[in-house]
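These notes concern the structure reproduced below.
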Amino acid sequence: MQDKYTPAEIERAAQDHWNKTAAARAIEDTTKPKYYCLSMFPYPSGKLHMGHVRNYTIGDVLSRFHTMLGYNVLQPMGWDAFGMPAENAAMQNNVPPAKWTYANIEYMKTQLKSLGFAIDWERELATCTPQYYRWEQWLFTRLYEKGLIYKKLGTVNWDPVDHTVLANEQVIDGRGWRSGALVEKREIPMYYMKITAYAEELLADLDKLPGWPEQVRLMQKNWIGKSTGVRFAFPYELDGKEDKLWVFTTRADTIMGVTFCAVAAEHPLATRAAQGNPALAAFIEECKQGGVAEADIATMEKKGMPTGILVQHPLTGEKVEVWVGNYVLMGYGEGAVMAVPAHDERDFAFAKKYDLAIKQVIGVEGQSFSLDGWQEWYADKQNGKCTNSGKYDGLAYEAAIDAIAADLAAKGLGEKKVQFRLRDWGISRQRYWGCPVPIIHCPTCGDMPVPDDQLPVVLPENVEITGAGSPLAKMPEFYECSCPKCGGQAKRETDTMDTFVESSWYFLRYTCPDNDQAMVDQRTAYWCKGGIDQYIGGIEHAILHLLYSRFWTKLMRDVGLIDIGEPFANLLTQGMVVAPTFYRDLGDGKKQWINPAEVDVVTDERGRPTGATLIADGQPVIIGGTEKMSKSKNNGVDPQALIDQYGADTARLFIMFASPPDQSLEWSDAGVEGAFRFLKRLWKLTHDHVAQGLVPAFADGELPAALKDFRRQLHQTIGKVADDYGRRKQFNTAIAAVMELLNAFAKLPDDATARSVKQEALEAAVLMLFPIVPHVSHALFGELRPGLDAGQQTFPKADASALTQDEIELMLQVNGKLRGSLKVAAGTDKASIEAAALASEAVQKFMEGKPAKKIVVVPGRLVNIVV
RNA sequence: GCCCGGAUGGUGAAAUUGGUAGACACAAGGGACUUAAAAUCCCUCAGCCCAACGGCUAUGCGGGUUCGAUUCCCGCUCCGGGCACCA
């Protein structure tokens, strides 16, 4: 055995061995329990970043651990290959998106391979290949025929200078990121998936996911946002015609306090009122400025203008004025809201600003109402009662809503209604690098889904990207076609699909990537039975990706393709790897983001950053926030330098040791040295043992006290590591436990009995570490047990007989403060413990002669004496 | 703005069900080995007070429940994630 730890050499040898033996190949086998371990596939942005290393190391640890437990493990990998960055790169570097994407895939694949993950590469897929997206198009046509995909107007960010639709990310402070022009909202026809038809099931099934973090289930629940309220109407007469203004409220108990209504700028009443009212028309135009992102709309200044249109209060008949409000969204609910300034914060601010009436209709006894502030008294559903509300006075929340809803229903002006916050999923994108929407527009027959025998609609790959609209719309050879029904001249849809569509079902396709006859097959049923056993990915996907995947799984079930309703049985949401951001202002709100690796940070004596300079030119750069590593903020750290210098095992060990997986990790490479040192130490301990000759591992017999204690620690460690890997999924403490074990190991003597225990300990330690640092473990196990393959071993089992303990140490407290400790024989009864505790010197001293009022004995832990 | 998290030594963190706060590491300081350096090994290492024994304080801030709170409850502050076209 060589005496030096040489990671490059041993990692190459181990990977060669695994390749030769096809160790990671997953074959369906009904004689073993299956374990499908899935990590979120990467977007091929160019290089791996630390978040990838973290994600895939967690997946690999769980995969290898379950292999050692006897499971038939599938760990696949693929590429979320469609998306915007490829188009941006195309514009910047004049390279076609396909070429850029495939080159990135090739490079990142070599990086992944160098990390030694037990991935079955035979199942690799990329979503930008027709072999993949043809099935997505095929399912699209089925769903379209079922009415689960439909067309309606949707609002997008429009850049009036570049004449293109912008993603929310491309709108910065209300301006287009390239042109700098003020962005406008524009309504265009788009295809929508009817996710709201599944709202009830998506909500209810959250309770069937005990393997998901509570946090994620709660976020999804709130996102779906089921609420019961009242949909009702304000009747009005305009241009000689009677009509109704519909609104929805969860606060029907405050309906008597309505002093005005507000409608969206795009609402028909607003449009009508703007005729002959240039000021209002101008305001409506102003409302169209800015992006569509909810965060922007919710934080912007609330503005409004009266329409002059009066509607009738449905219960009192009083006239209520309709305003246009920039905070009311057309795409949400009815596009109109009632306003009760006395009991709603936003309505109150609006009423104060425009000097509108405020009418208190909820009161709490003993508290007075003031026009200086709004009162959330409804939250007090016990004591908040209707007041100034005529016949409803004195009614509490629920009774008031029931009475009011009944009266509205009697007048035919409203009813109770369940409403969801969840909106249908708009999947049309006016972009090139995506899966073409398989629709043909025929002037005679209308929108026709592309027939099966014409699928896939292949995305042409040699295009020029200009940034102004989709290249597909300028390619007659793409869009010119004939109607599948009447054969007449027709036009192919040039929009592509949201890339979330591809990522909503890729995990099913891993089971049968080679099937060119069907989307899924019986292998899908094998691997996905009961759901994917473990899914691992960033917490930032807690809502959108995970909700869409759940939705698609239900769609595919209802089309009869699969028989599961939930895709992921267990979910581990890893915390983000975050890093500081640095930038320079280029003016016009544009920023040049600079990678942390190119920056020198100056800190004060307390370690706080005071400034930063670009290494290349020595000039200052601005320190931004600490954010998730991303392409757009250029704050990703390339793990390659780490791998090159220390090897894959050190990189894997370090990132798993740095913090528990669900916690966010602020990147710093301080501490890498320590991980490397540990592996060197493990190597040396093994080398020194092997150099003295191998011995059979200790099996049973009597041991001196020191060795008995060590052996107890060994088997406690085995139990803890297995629990940390399997149940807790907390790898940093598993590593710490093995480190402690080896610290104790290093102090053991070298006699024959000790050496047999050392053999046992080293074999176990190396196997316990195998899931995290497989290369070095492979090499070391081969030395400890010549001819055996570490990857074929079962995980060590704790020996119960080694765990018994004769003496237990109890902590002694007086009034909850630690005052000493007490050693007692295992199994000592409570009374004896109490007596021994009271007799102890430390306790006597702090009782100061006062009698014990109470004695609390926590078995195996402590004694607390209250005086 | 709304929804979800987080905050513990100089640093990353541990404390699994309310029971020894700071395991395991990093950095730092001291020592051994060495001509020297690197590597390695050993020691110290939350703060304050004390010659020492020991004591007091301390888990973002302010309250509460409890014999006992990093852990549970209420109210804040700051930081991060998501907000439907970044993925």
Side-chain angles (χ1 to χ4, degrees), chain A residues 40 42-43 45 80 83-85 154 156-157 165-171 213-216 218-219 221-223 225 291-300 302 327 331 345-346 421-431 498-500 503 538-545 547-548 575-576 578 605-607 625-628 630-632 657-660 662-666 668 670-675 677-678 680-681 684 720 723-724 727-728 730 732-733 735-740 743 746 809-818 821 853-856 858 860-862 864-866:
Chain A
M40 287 183 187
Y43 177 79
S45 56
D80 188 13
M84 241 176 26
V156 295
N157 303 306
V165 175
L166 298 177
N168 285 337
E169 192 194 40
Q170 299 170 314
V171 179
E214 186 56 41
Q215 177 199 32
V216 175
L218 191 56
M219 279 193 264
K221 180 178 178 235
N222 291 337
W223 184 263
V292 299
E294 192 193 305
D296 295 337
I297 291 165
T299 50
M300 74 187 173
K302 310 289 179 287
Y327 60 91
E345 186 172 20
R346 191 182 59 189
R421 205 188 78 95
L422 183 69
R423 310 198 293 261
D424 276 341
W425 175 15
I427 55 168
S428 294
R429 298 291 180 269
Q430 299 68 47
R431 268 190 264 287
D498 181 0
T499 56
F500 272 125
S503 57
I539 182 68
E540 68 270 28
H541 296 291
I543 294 173
L544 294 180
H545 162 62
L547 190 64
Y548 292 148
M576 262 147 313
V578 296
E605 70 277 8
R606 298 175 73 185
T626 297
E627 297 181 52
K628 85 169 168 175
S630 74
K631 187 100 181 149
S632 59
F657 184 56
S659 75
D662 55 355
Q663 204 160 307
S664 74
L665 173 64
E666 192 170 331
S668 143
V672 175
E673 203 53 61
R677 209 175 291 156
F678 172 71
K680 279 195 291 189
R681 188 169 146 86
K684 186 172 183 298
K720 177 176 174 52
D723 187 47
D724 279 351
R727 180 182 63 91
R728 296 218 301 156
Q730 186 164 307
N732 55 333
T733 48
I735 295 165
V738 179
M739 284 177 168
E740 270 185 274
N743 287 343
E809 190 178 25
L810 296 174
M811 293 302 126
L812 295 178
Q813 293 183 340
V814 178
N815 285 337
K817 288 202 177 197
L818 183 68
S821 65
K853 212 158 69 181
K854 185 175 176 182
I855 301 177
V856 182
V858 183
R861 291 248 183 214
L862 58 72
N864 185 19
I865 297 160
V866 186

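Numbered from 1 within each chain, the chains take letters A, B, ... in sequence-line order. What you are looking at is a predicted structure, and each value in this text was computed from that prediction instead of being measured.
Using a 4.0 Å heavy-atom distance criterion, A:Gln813 is classed as a base contact. Residue-level contact check: A:Arg728 touches the bases, meaning some heavy atom is under 4.0 Å from a base atom. Among the heavy atoms of the strands lying under 4.0 Å from A:Glu294 is at least one base atom, whether or not backbone atoms are also near. Among the protein residues, A:Ala295 comes within range of the nucleic acid bases, having at least one heavy atom under 4.0 Å from a base atom. Residue A:Gly225 is out of contact with every strand shown, counting any heavy-atom pair closer than 4.0 Å. When heavy atoms are screened at a 4.0 angstrom cut-off, A:Val672 is found touching no nucleic acid atom at all. Residue contacts shown for A:Leu422 include a base, since a base heavy atom lies under 4.0 Å away. Nucleic acid contact class of A:Ala675 (heavy atoms, under 4.0 Å, all strands): none. A:Lys221 comes within 4.0 angstrom of no nucleic acid atom, judged by non-hydrogen atoms across all strands.
Helical stems in RNA chain B, defined as runs of 3 or more consecutive Watson-Crick or G-U wobble pairs with donor-acceptor distances under 3.5 Å: B:1-7 with B:77-83, B:10-12 with B:24-26, B:28-32 with B:40-44, B:46-49 with B:54-57, B:60-64 with B:72-76.
Side-chain contact between A:Ile539 and A:Met219: present, with at least one pair of heavy atoms (C-beta onward) separated by less than 4.5 Å.
Here B:rC67 is the nucleotide among B:rC67, B:rA27, B:rA14 with the atom lying nearest to any side-chain atom of A:Val856. Of the candidates B:rC86, B:rG1, B:rA84, the closest approach to any side-chain atom of A:Thr299 belongs to B:rG1. Distance from the side chain of A:Leu862 is smallest for B:rG19 among the nucleotides B:rG19, B:rG1, B:rU40. Considering only side-chain atoms of A:Glu740, the nucleotide from B:rC4, B:rA84, B:rC24 that sits closest is B:rC24. When the nucleotides B:rA13, B:rA21, B:rA87 are ranked by their closest atom to the side chain of A:Gln663, B:rA13 comes out on top. Listed nucleotides B:rA87, B:rG19, B:rC86 differ in distance to A:Phe500; the shortest reach to its side chain belongs to B:rA87. Checking B:rG5, B:rA13, B:rC67 against every side-chain atom of A:Asn864, the shortest atom distance belongs to B:rC67.
Counting atom types as modelled, A:Lys817 pairs no side-chain N or O with a base atom of B:rU20 as donor and acceptor under 3.5 Å. For A:Arg727 against B:rU16, a side-chain N or O and a base N or O form a donor-acceptor pair under 3.5 Å.
In terms of phosphate contacts, A:Arg681 brings a side-chain nitrogen or oxygen within less than 4.0 Å of OP1 or OP2 of B:rC41. Using a 4.0 Å cut-off, some side-chain N or O of A:Arg677 falls inside it from OP1 or OP2 of B:rC26. Side-chain N/O atoms of A:Asn743 include none lying less than 4.0 angstrom from OP1 or OP2 on B:rC24. For the OP1/OP2 pair of B:rU40 and a distance below 4.0 Å, the side-chain nitrogens and oxygens of A:Lys680 include at least one atom meeting the criterion. Phosphate contact (OP1/OP2 of B:rC24, side-chain N/O of A:Asn732, threshold under 4.0 Å): absent.
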Can you pull every protein N or O that's under 3.5 Å from an N or O on nucleotides 73-82 of chain B?
residue, atom, partner, partner atom, Å
B:rG81, OP1, A:Lys628, N, 3.4
B:rG82, OP1, A:Lys628, NZ, 3.1

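For B:rG81, the base is anti relative to its sugar; the glycosidic angle deviates from 0 by more than 90°.
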